[in-house]
Amino acid sequence: MVVTDLQQARVALRDNRPMDLLGLRERTWIDAKRDPYELKNPANIEELAKDVAGFANVADGGLIVLGIGTRLEDGVEILDRVSPFPRSAVNLKQYGDLIRERITPAPRGVTVEWSDCGDGASIAFIDIPSQPSSNFPYVVAAPVGKAGKVNAFTVTIPIRESDNTHWMPRTEIQRLLHLGWVASGMPSLESLTHLVKEAVADAREETPTTPPRPTVGQGLGPRGPEFQDAYTALGRVAPVGEPSSEGFWDEDGRGAFQHFAPASPSHPGWVLCAAPAQHPAAVAQPVWDALLLAGGGTIARIGYPLTGRRHVVIGKDAKVVELGAGRWGPGRLVRRTEQEWFWEPEPSIGFETTRASRNWTADIKSPHLRIRAIATLPWAETADLEITSDQRLDLVNSDMLAPLTQTMLQLSKRRGVRLVNSRWTAGPHRNALDAASYSSTLTADGGTPVLTGEVMVALPNALDSTLVTCAELRVEDAAVWMSTLAPTARGTASKAHLTWEEVMEIFLTTWTAATEMLPGLASAAPSKHRWADTPKVELRLTAGVEPAFREPTPALADLIDFAPLGASDREPLSEMAVTIAAPPRMSESARRVLLKRAMLRMEHGFGFVAAIKRP
């Protein structure tokens, strides 16, 4: 439901539907602020009193919404995105006490309340109801020029005009005092109250009683006729009401949208929207709300329904919505349950180096070969993430790490060597409340380390807002690896070296661990988290030692057999990588298909242009 007046806005907020306010312009009865008032700063206490008194001086009162950001459009502030904050950020009682303390007379019936956004996120709002006319005007202590400093013996009058609250001009107050003095022979409270009340009404930019109704396509310029055609087409297949808002462009200019009222209480409202080079789509209001929620309150992040050049109608019972033109790239909105929708990226492959690609590489001595999958998972809700002792025990005592152990054992078994695997234990990297590292080493007779597997997790912090997970296999020393092989394998590249198929199997195992198993260390329900950006996994091969050790730097070809790929003009290679944007969870068959595509892209990108697609 699209909000069009003060009463509807009050109902939407109390029904925990703050998304319904998006697209509304700030006006006499509503003011939106992205962040709550920080009451440790005296200037913000002054601002709170001023804003509330300004609405108290409006005939119908108004709302101050905390947790909705705005964008400037043609000089008007438009409510644009929901920005929830922890409930600890607002002390409702303190707000109420300050309002009663700082405004004279204390406005009646003012409430400070929460409006839930789902998934434990909330915004707050201050509701200032219509005040008794006998109490006008509402005044606050006058500022003295220094932020947070007021004069206890002087007052001033906040006035709400259109989308702004300001002080009544000194000359206007002087005129009112003069008129009151002359009219009554003395500045009586009754005469001054009457005169100031009239001035407040004159100074205010009142919203017309019957504002002009918006028209289809209004405000969308050359795209207006397309929206008119789409509106006509929608009316042929579904009941639709009149426009309930003007048309808007999103904050990035990626697309346009316009809201339409329900045809009746039993039917949903609609939104017409369109990205560049796409025909407008008609989206039922419940699905549009799900799009905004999945995109963190901003349609520009998640994108618009893909339509091509034909009319598309997406009803309230839709299961999947294909999307494009968003900041996060191509993807889809998927309905998992009746009420739960989640965004998933369309799988794509590139060579972007993720910020976390060098995490956990500060070893005492770099391994001669590192095969790793490192995932960046930008969850929208991260405040409650923790790595508990129970989750750590489950990790090392269950079979979750068995696939990585089995992959390492198979590498040696194929070469006629039976290595001994150790238990998974903490380290060698950091273990703390916000980090985990567990490893297992395969050793030859005599306890010589041959292969190491490690899994790692880092919770979001001040420098990085994403959850980062990593699973890898390491050959610590090429000479040790070679010396432990069975005699029939020594010196034979086809047996001593890892095959390209074995590298792919290692990537499949580490990728699955990083995206499906390790997120469970940080959250009991990883699949329930919404995204704040696109999840990615980087598959990386690295060979070498730190230059400080003054040893010959191995190349990947010293331990991997690249012969089936042909020659590369970039040899010797010490590093290869490819980055995949994809849903963390998928079937093994789907992951294998995507892995083959990614490996072929990596081969071609690093000079193996003769490499061919695998079946």
Check whether any side-chain N or O of [X] sits under 3.5 Å from a backbone N or O of [Y] as a donor-acceptor pair, and report yes or no.
X      : Y      : result
Thr298 : Gly295 : no
Thr469 : Ala514 : yes
Asp250 : Gly253 : yes
Ser422 : Thr441 : yes
Gln391 : Thr388 : yes
Arg335 : Ala318 : yes
Asn16  : Asp116 : yes
Gln278 : Thr307 : yes
Glu502 : Thr499 : yes
Asp80  : Gly69  : no

Within the 4.5 Å heavy-atom criterion, are [X] and [Y] side-chain neighbours or not?
X      : Y      : result
Leu333 : Val320 : no
Ser122 : Cys117 : no
Ile349 : Thr579 : no
His497 : Trp481 : no
Leu411 : Leu498 : yes
Tyr37  : Val90  : no
Leu291 : Trp341 : no
Tyr304 : Phe257 : yes

Do [Y] and [X] meet the salt-bridge criterion of a basic N to acidic O distance under 4.0 Å?
X      : Y      : answer
Glu472 : Arg540 : no
Glu575 : Arg358 : yes
Arg372 : Glu454 : no
Glu505 : Arg592 : yes

Checklist line | Audit row: Thr405, Trp424, side chain to side chain donor-acceptor pair (under 3.5 Å) steps and yes/no | finding: CA-CA 9 Å; Thr405 301; Trp424 286 85; 2.9 Å; yes
Would you compute the distance between atom [atom1] of [X] and atom [atom2] of [Y] and round it to the nearest 0.5 angstrom?
X      : Y      : atom1 : atom2 : value
Met456 : Ser437 : CE    : OG    : 6.0 Å
Ile506 : Ile371 : CD1   : CD1   : 3.5 Å
Thr443 : Leu419 : OG1   : CG    : 7.0 Å
Arg392 : Asp390 : CZ    : CG    : 11.0 Å
Phe606 : Arg601 : CZ    : CZ    : 11.0 Å
Leu401 : Arg423 : CG    : CZ    : 11.0 Å

Item checked: Arg597, Arg570, Lys596, Arg614 screened by salt bridge (charged side-chain N to carboxylate O under 4.0 Å, His left out) with Glu603, the one that passes ->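 It is Arg614; the other options fail the test.
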Is the number of heavy atoms from other residues, nucleotides or ligands within 6.0 Å of [atom1] ([X]) greater than 12?
X      : atom1 : answer
Leu39  : CG    : yes
Leu393 : CG    : yes
Lys33  : NZ    : yes
Arg87  : CZ    : yes
Arg34  : CZ    : no
Arg327 : CZ    : yes

Next item on the list: Flag this pair as yes if the NZ/CZ of Arg591 is under 6.0 angstrom from the six-membered ring centre of Trp511 and inside a 45 degree cone about the axis; otherwise no.
Entry: yes
Notebook entry, point to check: Is the NZ or CZ atom of Arg530 both under 6.0 Å from the centre of the six-membered ring of Phe342 and within 45° of that ring's axis?
Noted result: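 Because its charged atom sits under 6.0 Å from the ring centre and within 45° of the axis, Arg530 does stack over Phe342.
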Next item on the list: For Leu66 and Ile123, run side chain to side chain contact (heavy atoms under 4.5 Å, CB included): C-alpha distance rounded to whole Å, both residues' side-chain angles, the deciding distance at 0.1 Å, then the answer.
Entry: CA-CA 6 Å; Leu66 310 177; Ile123 66 168; over 6 Å; no
Which pair of heavy atoms, one from [X] and one from [Y], lies closest together, and at what distance?
X      : Y      : result
Ala555 : Ala543 : C-CB, 3.8 Å
Gly315 : Val287 : O-CG2, 3.4 Å
Pro345 : Thr534 : CB-CG2, 4.0 Å
Ala32  : Thr70  : CB-CG2, 3.9 Å
Val455 : Ala471 : CG1-CB, 4.1 Å
Ala294 : Ile302 : CB-CD1, 3.5 Å

Check: Between Glu476 and His368, is any side-chain donor less than 3.5 angstrom from a side-chain acceptor?
Finding: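 Glu476 vs His368: no donor-acceptor pair found between side chains.
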Margin query: Before you tell me yes or no, could you show the steps for Leu13 and Leu21 under side chain to side chain contact (heavy atoms under 4.5 Å, CB included), namely the whole-Å CA-CA distance, both residues' side-chain angles and the distance that decides it to 0.1 Å?
Written below: CA-CA 9 Å; Leu13 289 169; Leu21 275 61; 4.1 Å; yes
Next item on the list: Assert yes or no for the condition that the ring centre distance of Trp328 to Trp531 is strictly below 6.0 Å.
Entry: no
Next item on the list: Evaluate the criterion side chain to side chain contact (heavy atoms under 4.5 Å, CB included) for residue pair Val283 and Cys273; output intermediate values, then yes/no.
Entry: CA-CA 8 Å; Val283 182; Cys273 60; 3.9 Å; yes
Notebook entry, point to check: Between Thr407 and Thr509, is a side chain to side chain donor-acceptor pair (under 3.5 Å) present by the stated rule, with each step listed?
Noted result: CA-CA 8 Å; Thr407 297; Thr509 303; 3.1 Å; yes
Next item on the list: Might you work through the side chain to side chain contact (heavy atoms under 4.5 Å, CB included) test for Gln285 and Val271, ending with a clear yes or no?
Entry: CA-CA 6 Å; Gln285 187 67 50; Val271 176; 3.6 Å; yes
